[in-house]
Amino acid sequence: MTPTGTPETPNKPEATGAPGTPESTPGTPESAPGARSWLREHSEIGVGLLLLVLGVLVLTDALTMNVDITQRGPVGPKTVPVVVGIGLLVVAVLLTLDVLRGGRGEAEGGEDVDLAEPSDWRTVLLLAGVFLGNAVLIGPLGFPISGALLFWGSAYALGSRHYDRDPLIAAGLALVTYFVFNNLLGVPLPGGPLMGVL
């Protein structure tokens, strides 16, 4: 109490800018997120851009394809690429709009996926080698043989070790794919040595 009878008020500590009490001023990088942080928060737009480019490439390739006017049936070689290209464009636009409105992809939460484990580069390299081998062998061996090797090699790269069953399933898938494209869709695939048999 002071002599006049008024209670004393404790002195408030003045702001000295000491460590532990940072003061943010307008215009600093902390208060105004830059373009880099915006891109980091909207990184899914890159996926939409990739889908857009793929859709344009697929549609351009499909619409400039030389097709015999006497195709078999209403479904020709252009049908599937055009549908796929339009689908890619639609998905790209919808994904971009969703990201711009604040949508974000959920983190992988599968029970059989350990996000702490490193990438399985062995599987990736095996699959890349299988696809490259198919591209090299499809000419001299034809699609029925190279396709069977493609399916069998992909199953092996992904972990299947059923050596008695996988080759039969791969050969069946290759033959069915060959007949669908060659006889139903009118897209000729190289038959190779089996051309006369099939």
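What you see is a predicted model; the values in this text were computed from it and never measured.
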request  = Return yes when atom CZ of Arg101 has more than 12 non-hydrogen atoms of other residues, nucleotides or ligands closer than 6.0 Å, and no otherwise.
outcome  = no
note = In terms of heavy-atom contacts, Pro167 and His162 come closest through CD-O, 4.0 Å
ask   = Can Val82 be reached from Val90 by stepping across I, L, V, M, F, W or Y side chains whose heavy atoms are under 4.5 Å apart?
value = yes
Between side-chain atoms of residues 140-147 and protein atoms elsewhere (two or more places apart, or another chain), which donor-acceptor pairs fall under 3.5 Å?
{"from": "Ser146", "atom 1": "OG", "to": "Asn134", "atom 2": "OD1", "distance (Å)": "3.2"}
{"from": "Ser146", "atom 1": "OG", "to": "Gly142", "atom 2": "O", "distance (Å)": "2.9"}

OG1-OH distance between Thr123 and Tyr156, expressed to the nearest 0.5 angstrom = 10.5 Å
query = How would you list, by chain and number, every residue that makes a side-chain contact (heavy atoms from CB on, under 4.5 Å) with Leu126, sequence neighbours excluded?
reply = Arg122, Ala157
ask   = Looking at side-chain heavy atoms only, is the closest gap between Val187 and Asn182 below 4.5 Å?
value = no
Shortest non-hydrogen separation from Ala148 to Ala171 and the atoms involved = CB-CA, 3.9 Å
ask   = Going from CG on Leu50 to CD1 on Ile45, what distance comes out if it is rounded to the nearest 0.5 angstrom?
value = 14.0 Å
request  = May I ask you to test the Leu88-Leu52 pair for a side-chain heavy-atom distance under 4.5 Å?
outcome  = no
ask   = What are the two closest heavy atoms between Ala170 and Trp152, and how far apart are they?
value = CB-N, 3.6 Å
query = Among all residues two or more places apart in sequence or in another chain, which pass the side-chain contact (heavy atoms from CB on, under 4.5 Å) test with Leu173?
reply = Phe151, Ile169
request  = Mind listing the closest non-hydrogen atom pair of Ala92 and Leu51 along with its distance?
outcome  = CB-CB, 3.8 Å
ask   = What about Val124 and Val130, same hydrophobic cluster or not, with Ile/Leu/Val/Met/Phe/Trp/Tyr joined at side-chain heavy-atom distances under 4.5 Å?
value = no
note = To the nearest 0.5 Å, atom CG of Leu127 lies from atom CG of Leu132 at 12.5 Å
ask   = Are Val176 and Leu184 in one and the same hydrophobic cluster, where Ile, Leu, Val, Met, Phe, Trp and Tyr link if side-chain heavy atoms are under 4.5 Å apart?
value = yes
ask   = In the single-linkage hydrophobic clustering (I, L, V, M, F, W, Y; side-chain heavy atoms under 4.5 Å), do Val56 and Leu63 co-cluster?
value = yes
query = Where do Lys78 and Met65 come nearest, in terms of heavy atoms and distance?
reply = CE-O, 3.3 Å
ask   = For the atom pair CG (Asp120) and CG (Leu125), what is the distance rounded to the nearest 0.5 Å?
value = 9.0 Å
ask   = Between Ile138 and Pro190, is any pair of side-chain heavy atoms under 4.5 Å apart?
value = yes
Nearest heavy-atom neighbours spanning Tyr178 and Leu189 = CE1-O, 3.4 Å
ask   = If two hydrophobic side chains count as joined below 4.5 Å and joins carry through other members, does Leu59 share a cluster with Val91?
value = no
